[in-house]
Asker: 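Just dropping this structure here.
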Number of protein chains: 2
Amino acid sequence: MRLMASVTSVPTSQAESIGAEAWALFLTLFGHHRRRFLIAAGEFDLHPAQAGALLNLAEPLPMHALASLLACDSSNVTGIVDRLEARGLVARQLSPEDRRVKHVMLTPAGRRLRGRLLERIGSPPEGFERLSAEDLGQLRDILRRMLAEPAGS
Amino acid sequence: MRLMASVTSVPTSQAESIGAEAWALFLTLFGHHRRRFLIAAGEFDLHPAQAGALLNLAEPLPMHALASLLACDSSNVTGIVDRLEARGLVARQLSPEDRRVKHVMLTPAGRRLRGRLLERIGSPPEGFERLSAEDLGQLRDILRRMLAEPAGS
DNA sequence: TATTGTTATACTCTATAACTATA
DNA sequence: TATAGTTATAGAGTATAACAATA
């Protein structure tokens, strides 16, 4: 994707320059993943937002929680879930605790489709298998440190 | 995002298990990046596809090349470029070599907006600054190996 | 009063197919 | 004959605002 191609940055240290390259490589990887995701969703006749919803439904979720995960307005989730429901992939369930809330849950068919989607994009992409066992260990540890919650968050 | 949460895989080796965790961490990172991208695009009144087009226009590109990078049909690019052009962010330029081709290029205003977008999402996200210089070097080298073209591609 | 989910609206994205101009 | 870009069309995503039901 060459997202960084024309960024004229002036690194103040070598570490900063290396970090910039590492992040540029991440962006390249994001581009690959995005295309893989779009292609896989299309093969199952799912729009990207629908595929994203299925992936986030490992367990039942209130509508507003799904909206938050999809980074879109709640009003959109109504339509997305409507269409998934029309295809028999999800069902709405009234919450007994809070009668304002509806939980969205996968049907058996929805769970099967989600599994097939995960086979396609949940597994590591081409290139991953070239990494050594040592590489994988280092990578995992570095990503863990990067994603560790910074105490107050 | 917990994309891997309910994947019941049976790792045949420890390396495979570590690799699976590393990839799951990648997916978490993708989710963070996607949300950051959507929020940044919205702040500049750009739809995601428009923001993606701007980011890919570091240099002038034929319409069909842009379609390929955005992983969408050429007919969509016509509309996306129409709207960016109406806002004075890009311009179409006929190619002198092949008169079927139109190159899309940023205007000065488009270049400024692209720069501001890159300040927001082209720079490393929260968490990156917690990595040591050694981490960054290892990460860069591993990602390089992962993204290296496998001879015939 | 605040929150949850829905509806109405307007605009954009998306794929498909058909079309023109060019190669 | 194939390719580049456009147009027309239909269906879906998106944000905003207004609404009813519930907390």
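Letters A, B, ... are given to chains in the order of the sequence lines, protein chains preceding strands, and every chain is numbered from 1.
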Asker: Return the 5'-most residue of the pair A/Asp98, B/Thr78 with respect to DNA chain D, ranking by each residue's nearest nucleotide.
Answerer: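 Its nucleotide being nearer the 5' end, the pick is B/Thr78.
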Asker: What is the separation between atom CG on B/Leu38 and atom C1' on C/dC13, rounded to the nearest whole Å?
Answerer: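 After rounding, the reported distance stands at 14 Å.
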Asker: Do B/Ser68 side-chain atoms and B/His64 backbone N/O form a donor-acceptor pair below 3.5 Å?
Answerer: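 Between the backbone of B/His64 and the side chain of B/Ser68 there is no qualifying donor-acceptor contact (under 3.5 Å).
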Asker: Given C/dG5, D/dT6, D/dA15, which nucleotide is nearest the side-chain atoms of A/Asp73?
Answerer: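 Among C/dG5, D/dT6, D/dA15, the one nearest the side chain of A/Asp73 is D/dA15.
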Asker: Pull out every stem in DNA chain D, meaning runs of 3 or more consecutive Watson-Crick or G-U wobble pairs with both distances under 3.5 Å.
Answerer: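 DNA chain D stems, ordered by first number: C:1-23 with D:1-23.
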Asker: Ignoring backbone atoms, test whether A/Arg92 places a side-chain nitrogen or oxygen under 4.0 Å from the OP1 or OP2 oxygen of C/dG5.
Answerer: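 A/Arg92 to C/dG5 OP1/OP2: no side-chain N or O under 4.0 Å.
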Asker: Give the rounded distance in Å between these two atoms: CG of B/Leu54 and C1' of C/dT12.
Answerer: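 That distance rounds to 15 Å.
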Asker: Counting only side-chain heavy atoms from C-beta out, which of C/dT6, C/dA15, D/dT14 sits nearest to A/Ile80?
Answerer: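 Nearest to the side chain of A/Ile80 among the choices is D/dT14.
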Asker: On the nucleotide D/dG5, are OP1 or OP2 found under 4.0 Å from the side-chain N or O atoms that B/His64 carries?
Answerer: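 Indeed, a polar side-chain atom of B/His64 lies that close.
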Asker: C/dC11 phosphate, OP1 or OP2: any side-chain N/O from B/His47 under 4.0 angstrom?
Answerer: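 Result: no.
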Asker: When you measure from the side chain of B/Arg144 to the backbone of A/Ala22, do you find a donor-acceptor pair of N or O atoms at a distance under 3.5 Å?
Answerer: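 Judged by distance alone, no pair lies under 3.5 Å.
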Asker: Can you check the B/Gln50 CD to C/dC11 P distance for me, whole Å?
Answerer: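 Whole-Å distance recorded here is 14 Å.
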Asker: How would you list all residue pairs meeting salt bridge (charged side-chain N to carboxylate O under 4.0 Å, His left out) that involve residues 66-81 of chain A, not counting sequence neighbours?
Answerer: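 For residues 66-81 of chain A: none.
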Asker: Does B/Arg116, at its CZ atom, have more than 12 non-hydrogen atoms belonging to other residues, nucleotides or ligands within less than 6.0 Å?
Answerer: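 No, because the 6.0 Å sphere around CZ of B/Arg116 holds 12 heavy atoms or fewer from other groups.
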Asker: In terms of the nearest nucleotide of DNA chain C, which residue is placed more toward the 5' end: A/Arg100 or B/Arg99?
Answerer: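 The answer here is A/Arg100.
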Asker: Pick base, sugar-phosphate or nothing for A/Asn76, based on heavy-atom distances below 4.0 Å to the nucleic acid.
Answerer: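 Base, at least one base atom sits under 4.0 Å.
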Asker: Assess whether atom CD of B/Glu134 is packed by more than 12 heavy atoms of other residues, nucleotides or ligands within 6.0 Å.
Answerer: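 No, the 6.0 Å shell around CD holds no more than 12 heavy atoms from other groups.
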Asker: Tell whether A/Ser74 reaches the base of C/dT6 with its side chain through a donor-acceptor pair below 3.5 angstrom.
Answerer: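 It does not, because no donor-acceptor pair links the side chain of A/Ser74 to the base of C/dT6 below 3.5 Å.
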Asker: Would you say the side chain of B/Arg145 lies within less than 4.5 Å of the side chain of A/Arg130, judging by non-hydrogen atoms?
Answerer: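 A side-chain contact is absent here, since even the closest heavy-atom pair is not under 4.5 Å.
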Asker: Filter on ring pair (Phe, Tyr, Trp, His ring centres under 6.0 Å), then keep only pairs touching residues 107-132 of chain B, sequence neighbours left out; what's left?
Answerer: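 Residue pairs with at least one partner in residues 107-132 of chain B: A/Trp23-B/Phe128.
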Asker: As a test of reading the structure: which of C/dT4, D/dT14, C/dA15 is closest to the side chain of B/Cys72, going by heavy atoms?
Answerer: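 Minimum distance to the B/Cys72 side chain belongs to C/dA15.
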